[in-house]
Amino acid sequence: MSDLPQIFSPVVVAPSPAWSAAGAELAEEVSRLLGPDVTRVAHIGSTAVPGMAAKPVLDLQAGTELSLDAAEEKFSAPLAELGFVLSPHRRDHVPAGRDDEPELWAKRLWLRRGGPEGDVNLHLRREGSPNLRLALLFRDWFRAHPEAVPGYSAFKRVLARHVTDLAAYSDVKDPVVDVLVEIAEGWATRTGWQPPER
């Protein structure tokens, strides 16, 4: 069972052309704020894919070579000045079929609700970790396969209409994402895809 809060019902909306620019601008702002201890800040998730229906929440990913504990201590105060609150969520779902130690999928997550760009999730992951790589692969596979976007968008819309909370939404969506990850991994192998440069 996911440890995401269960108090919010999932809402999936039509794609907005404003998401791309807002994500890029916010990534630059967070990168400047956190400085050289972050290796990258990128717009990820469904709002980073053209034409993708999504929850109206921008997802950003920051990479760091600090330990996550040290990064949490160092970044929490400056992020609070931008309205970000640290979440208790500490780990990503490990895709089915992988025997990685769960700690390899650790992260820190800050949430901002009601800001000028709308709601934002900031995922902090260790540079070189499988979850940092996977977030970029998932985004880039969909960008390279726009024909897959309508089907996945429809799935998310139907799911959001039939579940009562965000935890259930994530629990049902995870196995579908696991299948897509296997497809994306095959594409990465065939094309030589690597995570974008920092």
Side-chain angles (χ1 to χ4, degrees), residues 1-13 15-16 18-49 52 54-94 102-136 138-139 160 165-171 173-174 195-198:
M1 185 73 176
S2 169
D3 61 354
L4 289 171
Q6 299 188 28
I7 57 173
F8 299 110
S9 295
V11 176
V12 173
V13 301
S16 169
W19 286 342
S20 179
E25 290 171 13
L26 190 54
E28 289 182 13
E29 182 179 10
V30 169
S31 183
R32 285 194 302 270
L33 176 74
L34 300 183
D37 285 322
V38 291
T39 53
R40 65 175 84 219
V41 182
H43 184 197
I44 59 166
S46 292
T47 60
V49 177
M52 179 75 79
K55 297 190 300 296
V57 180
L58 295 178
D59 282 285
L60 300 183
Q61 173 172 259
T64 187
E65 293 180 345
L66 298 174
S67 73
L68 291 177
D69 287 340
E72 176 183 335
E73 183 174 348
K74 185 162 191 173
F75 298 154
S76 286
L79 286 171
E81 293 178 9
L82 285 184
F84 284 95
V85 176
L86 184 65
S87 163
H89 189 61
R90 289 287 193 268
R91 187 171 294 123
D92 288 311
H93 164 76
V94 179
E103 266 311 303
L104 291 175
W105 294 76
K107 71 173 179 182
R108 294 297 183 270
L109 174 65
W110 284 267
L111 311 177
R112 184 167 81 181
R113 299 295 180 256
E117 301 88 359
D119 293 346
V120 182
N121 297 334
L122 174 60
H123 309 259
L124 179 74
R125 297 175 172 121
R126 290 266 300 156
E127 192 63 48
S129 66
N131 48 352
L132 181 142
R133 176 186 177 277
L134 184 60
L136 297 169
F138 194 73
R139 179 199 68 187
D165 60 66
L166 196 55
Y169 178 86
S170 296
D171 286 342
K173 187 163 67 80
D174 281 345
E197 291 295 321
R198 301 179 186 188

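Start at 1 with the first residue, then count along the sequence.
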Could you state the interatomic distance from [atom1] ([X]) to [atom2] ([Y]), rounded to the nearest 0.5 Å?
X: H93; Y: D171; atom1: NE2; atom2: CG; result: 9.5 Å
X: S129; Y: E127; atom1: OG; atom2: CD; result: 7.5 Å
X: L58; Y: S20; atom1: CG; atom2: OG; result: 10.0 Å
X: L109; Y: H89; atom1: CG; atom2: NE2; result: 6.5 Å
X: W105; Y: R126; atom1: CH2; atom2: CZ; result: 15.5 Å
X: L111; Y: L86; atom1: CG; atom2: CG; result: 8.5 Å

Nearest heavy-atom pair of [X] and [Y]: which atoms, and what distance?
X: V38; Y: A62; value: CG1-CB, 4.2 Å
X: P56; Y: D119; value: O-CB, 4.1 Å
X: R139; Y: P196; value: NH2-CG, 3.7 Å

Counting distance only, does the side-chain N/O of [X] pair as donor-acceptor with the main-chain N or O of [Y] below 3.5 Å?
X: R112; Y: L122; result: no
X: S170; Y: L166; result: yes
X: T39; Y: G63; result: yes

Are side-chain heavy atoms of [X] and [Y] found at a separation under 4.5 Å?
X: E197; Y: R40; value: no
X: L34; Y: V41; value: no
X: R91; Y: N131; value: no
X: K173; Y: P10; value: no
X: Q61; Y: L136; value: yes

Under 3.5 Å, side-chain donor or acceptor atoms of residues 65-78 against the rest of the protein: list the pairs with distances, not counting sequence neighbours.
{"unit_1": "E65", "atom_1": "OE2", "unit_2": "R198", "atom_2": "NH1", "d": "2.9"}
{"unit_1": "E65", "atom_1": "OE2", "unit_2": "R198", "atom_2": "NH2", "d": "3.2"}
{"unit_1": "S67", "atom_1": "OG", "unit_2": "A70", "atom_2": "N", "d": "3.0"}
{"unit_1": "D69", "atom_1": "OD1", "unit_2": "R108", "atom_2": "NH2", "d": "2.6"}
{"unit_1": "E72", "atom_1": "OE1", "unit_2": "R90", "atom_2": "NH2", "d": "3.4"}
{"unit_1": "E72", "atom_1": "OE1", "unit_2": "R108", "atom_2": "NE", "d": "2.7"}
{"unit_1": "E72", "atom_1": "OE2", "unit_2": "R90", "atom_2": "NH2", "d": "3.4"}
{"unit_1": "K74", "atom_1": "NZ", "unit_2": "D37", "atom_2": "OD2", "d": "2.3"}
{"unit_1": "S76", "atom_1": "OG", "unit_2": "E72", "atom_2": "O", "d": "2.7"}

Test side chain to side chain contact (heavy atoms under 4.5 Å, CB included) applied to K55 and Y169, step by step: CA-CA 11 Å; K55 297 190 300 296; Y169 178 86; 3.9 Å; yes

- request: Identify, with sequence neighbours excluded, every residue that meets side chain to side chain donor-acceptor pair (under 3.5 Å) alongside S16.
  value: none

- prompt: side-chain contact (heavy atoms from CB on, under 4.5 Å) with D59: which residues, sequence neighbours excluded?
  reply: I44, N121, H123

field: Option among T64, L132, L134 that satisfies the side chain to side chain contact (heavy atoms under 4.5 Å, CB included) test with R125
entry: L132

